[in-house]
Amino acid sequence: MLDMFVVMLAIPLVSGALLTVFGERAWAPNLNIIASGGTFLAAALLTVEIVTHGPRFAFGEQFFIDSLNIFFVTLTAFVGLTTSIFSGPYMKNEAAHGRLTIPRLRLYKSMYQLFMFTMLTALTTNNLGILWVAMEAATLTTVLLVSLYRTPASLEAAWKYFILCGVGIAQALFGTILLYFAAERVLGETGNALLWTYLVNAKAFLDPNIMALSFIFLLVGYGTKVGLAPLHNWLPDAHAEGPTPVSAVLSGLLLNVALYAILRCKVLADGAIDGNFAGNLMMGFGLFTLLLAAFFLSRQKDVKRMFAYSSIEHMGLITFAFGMGGAVANFAGLLHMTMHSLTKSAIFFAVGHATQKTGTQMMEDIRGLIRINPLIGWGLMLGTLAILGMPPFGVFASEFMILTHAMKYHPWATPVLLLALGVAFAAIFGKVQPMVFGETEAKRLPHAPAITPVFLHLAIVLMLGLYIPPYLTRWFQEAARMLG
Amino acid sequence: MSTALPLYAQLINLFAAVILLLAFAMLAQRRVLLLIDLFALQGFTLFLSTLVVAVKTGQHHLYWSAGLTLLLKVLLLPWILHRLVRKLQIKGEVEPLINIPTTMLVGIGLVIIAFNVALPISQLSHTITRGTLGIALAVVMLAFLMMITRKKAITQVVGFLSMENGLFLAATSATYGMPMVVELGIALDVLVGAIILGVFFFQIRDQFDSLDIHHMERLKDN
């Protein structure tokens with residue numbers, strides 16, 4: 001029987017290679033969508049397999065799929081598919097406006113598929129070394145996408161992205177080396193000492209001193225990619241200067257996958273170290289990030305930059321939730337990651353079309369979206385309300401859970417959380433409202449924008465806010481339990 | 001530590017010390033081409049130290065990593081960097097943001113911190129080369145210092161690669177090398193990263209007519 005796991009990894013790899021060669025053909029954008037669709041289909045089938053038959057290995061023991069990562073895999077493949085649908089007309093419009101040439105579109109499509117490959121590899125690998133390699137490869141595939149427009153600002157953003165994430169990922173490698181060093185003393189000098197399934201069984205025997213140091217390096221290192229302060233500087237620049245589909249996948253996928261890497265390491269650190277060392281660190285970093293991002297939000301003039309800061313804010317909140325730990329907080333964290341991924345990419349889709357229509361990213365120059373294109377206007381408005389945590393959208397449910405859990409177990413953090421969320425609300429809503437409802441002169445785009453992904457995402461977020469199907473709840477609970 | 005260390009342990013400690021010295025030399029170096037040569041020399045020392053560990057422990061994959069180090073960090077990357085410098089006609093001098101004596105003093109402070117951080121861990125190590133963990137961490141920190149105190153894009157890259165040398169030293173000295181598949185992956189990432197940077201340099205130069213990252217300070221939150 002065809003192994004869906006192999007299919008899922010092979011499709012983006014092969015189509016990435018194909019698009020490198022044939023990316024300038026007329027059918028290339030369709031191949032990009034078909035490949036993403038195939039990846040999603042394979043991921044969905046794999047999910048069914050895991051849900052019915054339980055966790056499994058692949059390629060010996062190098063890859064491992066359980067209820068925690070299959071959940072991220074499905075989400076990643078889904079957002080990958082909708083972003084590729086969105087990027088079809090979007091990139092054609094960019095080319096029609098003369099901002100991109102045909103060879104750069106080819107680069108975009110092939111790198112997009114390779115990026116998906118690195119994300120899925122990072123999520124499914126059992127080897128913490130391979131996880132590192134895949135995370136670094138994810139930076140490498142996206143760095144040329146951030147500089148796709150070749151403007152001075154985009155080059156600067158890409159350079160910052162490369163150097164900051166390079167330094168961050170180097171810290172993570174040092175953390176991985178230390179982890180291996182600790183593991184090797186327990187598991188011996190076999191190749192198994194970096195395999196997560198082995199490590200999780202031996203976690204109680206790992207040396208706490210080394211694990212503490214290792215976790216600090218891993219948190220700071222992968223945290224750079226999550227966008228945790230103080231190493232978050234690359235994120236707003238990369239989101240603002242890169243093409244919008246890239247902003248959508250960076251926010252929707254890369255940040256999640258980096259956080260997933262931290263979570264895997266946290267499980268090991270928790271097992272080795274007495275007390276809530278890893279959790280406290282994550283709570284501190286998360287809260288600091290949340291607060292910093294909330295106050296930077298009000299100062300933004302560029303719409304993509306503002307929503308990039310909103311991503312940093314939400315990542316801070318999620319990190320805080322996982323830092324609290326326990327079944328409820330982990331559940332809330334996972335739910336919030338899902339909601340944030342879907343909502344934020346929907347917002348970037350809407351923002352992308354809006355900036356294309358108005359020809360600017362400056363918020364003061366974008367006005368009256370509701371008249372230019374009611375669907376884009378409503379998409380942006382609803383997306384904004386959703387990300388700000390308005391009921392009945394799903395973000396409300398997860399934020400509410402995080403807040404109540406914090407009130408119960410960490411009451412000192414509640415004022416900070418409420419302050420940050422309040423400031424963020426005022427900043428974002430005050431800026432988006434005139435963008436949607438103000439006065440404007442409109443112009444038509446040569447290619448009709450793809451609206452479906454925006455509303456598809458928002459519909460799911462709305463549905464999950466009102467009703468979470470029981471199988472999904474079980475799945476979330478299972479994953480939350482694995483995180484301890 | 002007793003005075004009668006076996007020869008291979010002495011050799012490894014010697015090479016680690018040389019790598020640290022070279023990190024300082026790179027920090028003090030003003031000329032771009034010489035900086036690249038120093039980087040190649042650091043890579044070569046790393047190759048020698050990995051080779052000694054490989055011979056001593058008889059682990060096959062360490063020969064592979066030693067070979068990869070020689071190929072990538074001593075031959076290929078310095079060659080690419082040399083070509084870039086000549087093709088892009090970068091001026092010989094690198095202008096540091098802070099003057100060199102101050103940088104060196106900060107560097108010494110970093111080494112002391114690194115040794116203190118690594119001390120409790122080194123004591124746990126059962127490998128002969130445990131003392132080198134502190135040195136490895138110091139090399140990483142010095143490379144980091146070089147990246148933040150230099151203005152030219154190419155010096156930042158050399159700093160980045162030198163940081164990778166430090167990490168590699170940590171991997172071989174503290175643990176006798178990571179599993180083969182991981183080392184291959186890391187080497188691949190470094191290589192692809194260097195190639196992408198090469199592409200990137202041309203893009204930067206076309207836009208700014210210079211590789212001075214001073215021009216790249218427009219993106220700010222105001």
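The chains referred to below are lettered A, B, ... by the order of the sequence lines, with proteins before strands, and numbering in each begins at 1. All of these numbers come straight from a predicted model, not from anything done at the bench.
Residues B:F200 and A:L155 share a closest heavy-atom pair of CZ-O, 3.9 Å. B:I196 approaches A:L140 most closely through the heavy-atom pair CD1-O, 3.3 Å.
Annotation for A:F205: atom CZ does not count as buried by contact number, only 12 or fewer foreign heavy atoms lying within 6.0 Å.
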Check against side-chain contact (heavy atoms from CB on, under 4.5 Å), A:F162 and B:V157: CA-CA 10 Å; A:F162 187 90; B:V157 172; 5.8 Å; no
Verdict with supporting geometry, B:Q203 and A:L144, side-chain contact (heavy atoms from CB on, under 4.5 Å): CA-CA 10 Å; B:Q203 296 180 4; A:L144 289 180; 4.2 Å; yes
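Across A:V143, A:T139, A:T151, the residue that shares the most heavy-atom pairs under 4.5 angstrom with chain B is A:T151.
The part of A:D207 that comes within reach of chain B is its side chain, from C-beta onward, which places non-hydrogen atoms under 4.5 angstrom from that chain. Heavy atoms closer than 4.5 Å to chain B are found in both the backbone and the side chain of A:A158. With a threshold of 4.5 angstrom between heavy atoms, A:L178 approaches chain B through side-chain atoms but not through N, CA, C or O.
Between B:L133 atom CG and A:I177 atom CD1 the span is 9.0 Å, to the nearest 0.5 Å.
Chain B is approached within less than 4.5 Å, heavy atom to heavy atom, by A:V167, A:A170, A:L173, A:F174, A:T176 from residues 167-176 of chain A, ordered by number.
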